[in-house]
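Worksheet: the structure to be examined is printed underneath.
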Amino acid sequence: MTASKLPSIHRILVPTDFSAASKQALAYALSLAAAVSGSVELLHVWKQPVVSGGRLVFIAGEITQPLAEWTRKQALADMEKFLAETGAEDAVQTRMCEGEPAEVIRQVAEEDEFDLVVMGTRGRSGVPRILLGSVAERVLRTAPCPVLTVRPPQT
């Protein structure tokens, strides 16, 4: 395949869980986007807490709010902190969604016609991976576009 026949990369989706691997993935995506004059969208997907037997309420000091609302607000605060830590506030668009992370990532990539997904991996293996599964692995298997996975920085 010649270079002129390679698919173009214009829109890059970067799912984040705010981990070190996500920071690494964002750095790769921003570098790639700069090289191809593309854009980067940062996506965080959270799952609502599952409560059996009714509504759970979070109480902190004098503040009382439904746990679902607290979870959403915490995700927004985490996104702001992540953007500040990475210095990417002006370099990316952001999106926050609720749901099953792998499914939402696949759906966003497909519906919004992203050309590439760049995401971090946690590097779990053995029993933890079997029991917990891997969002990155599920996205690799189901994404409608290429997926670049980035390992966390070695410490």
Side-chain angles (χ1 to χ4, degrees), residues 1-50 66-155:
M1 184 179 286
T2 64
S4 63
K5 294 186 180 186
L6 289 174
S8 59
I9 298 172
H10 298 288
R11 301 187 67 222
I12 302 171
L13 179 64
V14 181
T16 183
D17 60 1
F18 311 123
S19 66
S22 289
K23 287 179 182 176
Q24 216 40 19
L26 179 58
Y28 271 87
L30 289 171
S31 179
L32 181 57
V36 298
S37 300
S39 64
V40 174
E41 185 167 318
L42 190 63
L43 169 67
H44 176 66
V45 182
W46 76 91
K47 291 174 70 171
Q48 282 297 347
V50 177
L67 186 57
E69 180 62 17
W70 180 86
T71 303
R72 187 186 71 75
K73 287 180 180 178
Q74 186 62 49
L76 288 169
D78 290 345
M79 177 69 86
E80 289 177 12
K81 181 180 175 189
F82 183 81
L83 288 170
E85 289 174 354
T86 58
E89 300 99 325
D90 298 328
V92 300
Q93 294 181 342
T94 61
R95 183 186 308 203
M96 311 253 323
C97 297
E98 175 188 345
E100 186 64 40
E103 177 56 28
V104 172
I105 294 164
R106 184 208 57 78
Q107 185 176 12
V108 167
E110 182 177 351
E111 289 177 0
D112 290 354
E113 299 179 346
F114 280 91
D115 302 306
L116 178 67
V117 175
V118 178
M119 63 188 303
T121 64
R122 292 253 175 136
R124 281 193 297 250
S125 62
V127 174
R129 184 166 159 254
I130 292 168
L131 294 176
L132 300 174
S134 166
V135 172
E137 183 179 5
R138 283 179 272 163
V139 172
L140 277 166
R141 286 190 318 233
T142 63
C145 60
V147 178
L148 171 64
T149 59
V150 179
R151 290 179 24 185
Q154 301 299 316
T155 55

Derivation and outcome, side-chain contact (heavy atoms from CB on, under 4.5 Å), residues Leu116 and Leu32
CA-CA 10 Å; Leu116 178 67; Leu32 181 57; 3.4 Å; yes
Between [atom1] on residue [X] and [atom2] on residue [Y], distance to nearest 0.5 Å:
| X | Y | atom1 | atom2 | answer |
| --- | --- | --- | --- | --- |
| Glu89 | Thr94 | CD | OG1 | 11.0 Å |
| Thr71 | Lys47 | OG1 | NZ | 12.5 Å |
| Leu76 | Lys81 | CG | NZ | 15.0 Å |
| Thr86 | Gln24 | OG1 | CD | 12.0 Å |
| Trp46 | Arg72 | CH2 | CZ | 6.5 Å |
| Phe82 | Asp17 | CZ | CG | 8.0 Å |

Close side-chain approach of [X] and [Y], heavy atoms under 4.5 Å:
| X | Y | result |
| --- | --- | --- |
| Val118 | Val150 | yes |
| Pro15 | Val45 | no |
| Val108 | Phe114 | yes |
| Ser39 | His10 | no |
| Leu26 | Val40 | yes |

Looking only at heavy atoms, what is the nearest atom pair of [X] and [Y], with distance?
| X | Y | result |
| --- | --- | --- |
| Leu30 | Ala91 | CD2-CB, 3.9 Å |
| Leu42 | Met79 | CD2-SD, 3.5 Å |
| Ala109 | Cys145 | CB-SG, 4.4 Å |
| Ala25 | Met119 | CB-C, 3.7 Å |
| Cys97 | Leu43 | SG-CD1, 3.9 Å |
| Val14 | Ala29 | CG2-CB, 3.4 Å |

All salt bridge (charged side-chain N to carboxylate O under 4.0 Å, His left out) counterparts of Glu98, not counting sequence neighbours:
none
My understanding is that only residues two or more places apart in sequence, or in another chain, count here; which of them pass side chain to side chain donor-acceptor pair (under 3.5 Å) with Asp112?
Arg95
Report the C-alpha distance between Ile12 and Asp115 in whole Å, list the side-chain angles of each, state the deciding distance to 0.1 Å, and finish with yes or no for side-chain contact (heavy atoms from CB on, under 4.5 Å).
CA-CA 6 Å; Ile12 302 171; Asp115 302 306; over 6 Å; no
Any donor-acceptor pair under 3.5 Å linking the side chain of His44 with the backbone of Thr16?
yes
Ser31 side chain to Tyr28 main-chain N or O, any donor-acceptor pair under 3.5 Å?
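No, because the side chain of Ser31 does not come within donor-acceptor range (under 3.5 Å) of the backbone of Tyr28.
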Checking salt bridge (charged side-chain N to carboxylate O under 4.0 Å, His left out) for the pair Arg138/Glu100: CA distance, chi angles, key distance, verdict?
CA-CA 11 Å; Arg138 283 179 272 163; Glu100 186 64 40; 3.7 Å; yes
Can you tell whether the side chains of Arg11 and Glu113 come within less than 4.0 Å, N to carboxylate O?
no
